[in-house]
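Since the structure is predicted, the reported quantities are computational estimates derived from the model, not experimental observations. The residues of the chain are indexed from 1 along the displayed sequence.
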Amino acid sequence: MNRTKDIESENIQSLFEEALILSGLVTGINCCPDSAFNEMMVIKNMYNKIGGREFIHFIHSFHPKENITSELAHEISLKLLEYKKFKDFQILAITHTDKQHIHTHFILNTVNIEDGRKWNLSINELIRLKQYSNYLCELYNLKYSHVIPKKQ
């Protein structure tokens, strides 16, 4: 996990469309990839949660030296989404090979499908998520893709 950012809803539709065109490795979590944007908007409207932070964009990257296929990278990234923090959120996962390193984009709907609560990730939760990513790297015998904690 190397970065997260907010996405304005005006830009999200084009990001969804571009993602589906550029990659054959696309998975929808709690949504269908072909209609993910519309499904996410239905949930937002259902809970009257339009505006503010509507989507979060995560990128899960693998080091260029890593001997990994795009299929395995996608599998590992989907395992990351099994982390409890992602439960009941809609997420589009798109694995790309368009850079020197393989990486997976996650587009997350900030509204929980079960209870309508908004996504929130504290610094401590982010640290635990990075630790889980490191655990997955170890589990899959990856040598270079561990998240290195920043020096304080």
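Both Tyr135 and Leu80 sit in one connected hydrophobic cluster of ILVMFWY residues. Membership requires side-chain heavy atoms under 4.5 Å apart, directly or through other members. Follow the hydrophobic side-chain contacts under 4.5 Å out from Leu126 and you reach Ile91 in the same cluster. A single hydrophobic cluster is not seen to contain both Met40 and Ile43; linkage of ILVMFWY side chains at heavy-atom distances under 4.5 Å, directly or through other members, places them apart. Leu136 and Ile68 fall within the same hydrophobic cluster, where Ile, Leu, Val, Met, Phe, Trp and Tyr residues are linked whenever their side-chain heavy atoms come under 4.5 Å apart, directly or through other members.
Legend: residues meeting side chain to side chain contact (heavy atoms under 4.5 Å, CB included) with Ile123, ordered by chain and number and at least two apart, are Ile127. Scored by the ring-ring contact (aromatic ring centres under 6.0 Å, His included) test, Tyr140 finds no partners at all (sequence neighbours excluded). With sequence neighbours left out, Tyr47 forms a side-chain hydrogen bond (donor to acceptor under 3.5 Å, both in side chains) with no residue at all.
We find the CD1-CD distance between Ile102 and Glu71 to be 8.5 Å, quoted to the nearest 0.5 Å. A distance of 6.0 Å separates SG of Cys32 from CD of Glu39, quoted to the nearest 0.5 Å. Distance CD1/Ile29 to CG/Asp88: 12.0 Å, rounded to 0.5 Å. Here the OG atom belonging to Ser77 is positioned 9.5 Å from the CG atom belonging to Leu72, to the nearest 0.5 angstrom. Separating the CG atom in Asp34 from the CG atom in Leu92 is a distance of 9.5 Å, to the nearest 0.5 Å. Asn112 CG to Lys118 NZ: the interatomic distance, rounded to the nearest 0.5 Å, is 11.5 Å.
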Checking side-chain contact (heavy atoms from CB on, under 4.5 Å) for the pair Glu82/Leu78: CA distance, chi angles, key distance, verdict? CA-CA 7 Å; Glu82 292 176 5; Leu78 293 179; 6.0 Å; no
Ile113 and Phe89: CA distance, side-chain angles, deciding distance, side-chain contact (heavy atoms from CB on, under 4.5 Å) verdict: CA-CA 6 Å; Ile113 62 175; Phe89 283 93; over 6 Å; no
Walk me through whether Ile76 and Leu142 qualify under side-chain contact (heavy atoms from CB on, under 4.5 Å). CA-CA 11 Å; Ile76 295 169; Leu142 302 183; 3.8 Å; yes
Would you sort out whether His60 and His103 count as a ring-ring contact (aromatic ring centres under 6.0 Å, His included), showing the intermediate values? CA-CA 6 Å; His60 190 225; His103 58 284; over 10 Å; no
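In summary, the side chains of Gln90 and Asn30 do not present any donor paired with an acceptor at a separation below 3.5 Å, with no hydrogens or angles considered. Looking only at atom types and distance, the side chain of Thr95 has a donor-acceptor partner in the side chain of Thr104 under 3.5 Å away.
Phe106 and Phe86 have tilted rings, their planes meeting at an angle from 30° to 60° on a 0 to 90° scale. The aromatic rings of His57 and His105 lie parallel to each other, their planes meeting at an angle below 30°, with 60° marking the opposite boundary.
Heavy atoms only, all atoms of each residue included: Glu54 and Asn109 are closest at O-OD1, 3.7 Å. Leu129 and Tyr83 get closest at one heavy-atom pair: CD1-CD2, 3.6 Å. The two atoms that bring Val26 and Pro33 nearest to each other are CG1-CB, 3.6 Å, heavy atoms only.
Counting only distance, with no hydrogens or angles, the side chain of Ser122 and the backbone of Glu125 share a donor-acceptor pair below 3.5 Å. Between the side chain of Lys49 and the backbone N or O of Gly116 there is at least one donor-acceptor pair closer than 3.5 Å.
The cationic atom of Lys44 (NZ for Lys, CZ for Arg) lies less than 6.0 Å from the six-membered ring centre of Phe55 and within 45° of the ring axis.
A heavy-atom distance below 4.5 Å is found between the side chains of Leu121 and Phe58.
Around the CG atom of Asp115, the shell of radius 6.0 Å holds more than 12 heavy atoms that belong to other residues, nucleotides or ligands. No more than 12 heavy-atom neighbours from other residues, nucleotides or ligands sit within 6.0 angstrom of NZ on Lys79.
Salt bridge absent: Lys143 and Glu66 never bring a charged side-chain N and a carboxylate O closer than 4.0 Å.
Checked against the 6.0 Å centroid threshold, His101 and His63 do not count as a close aromatic pair.
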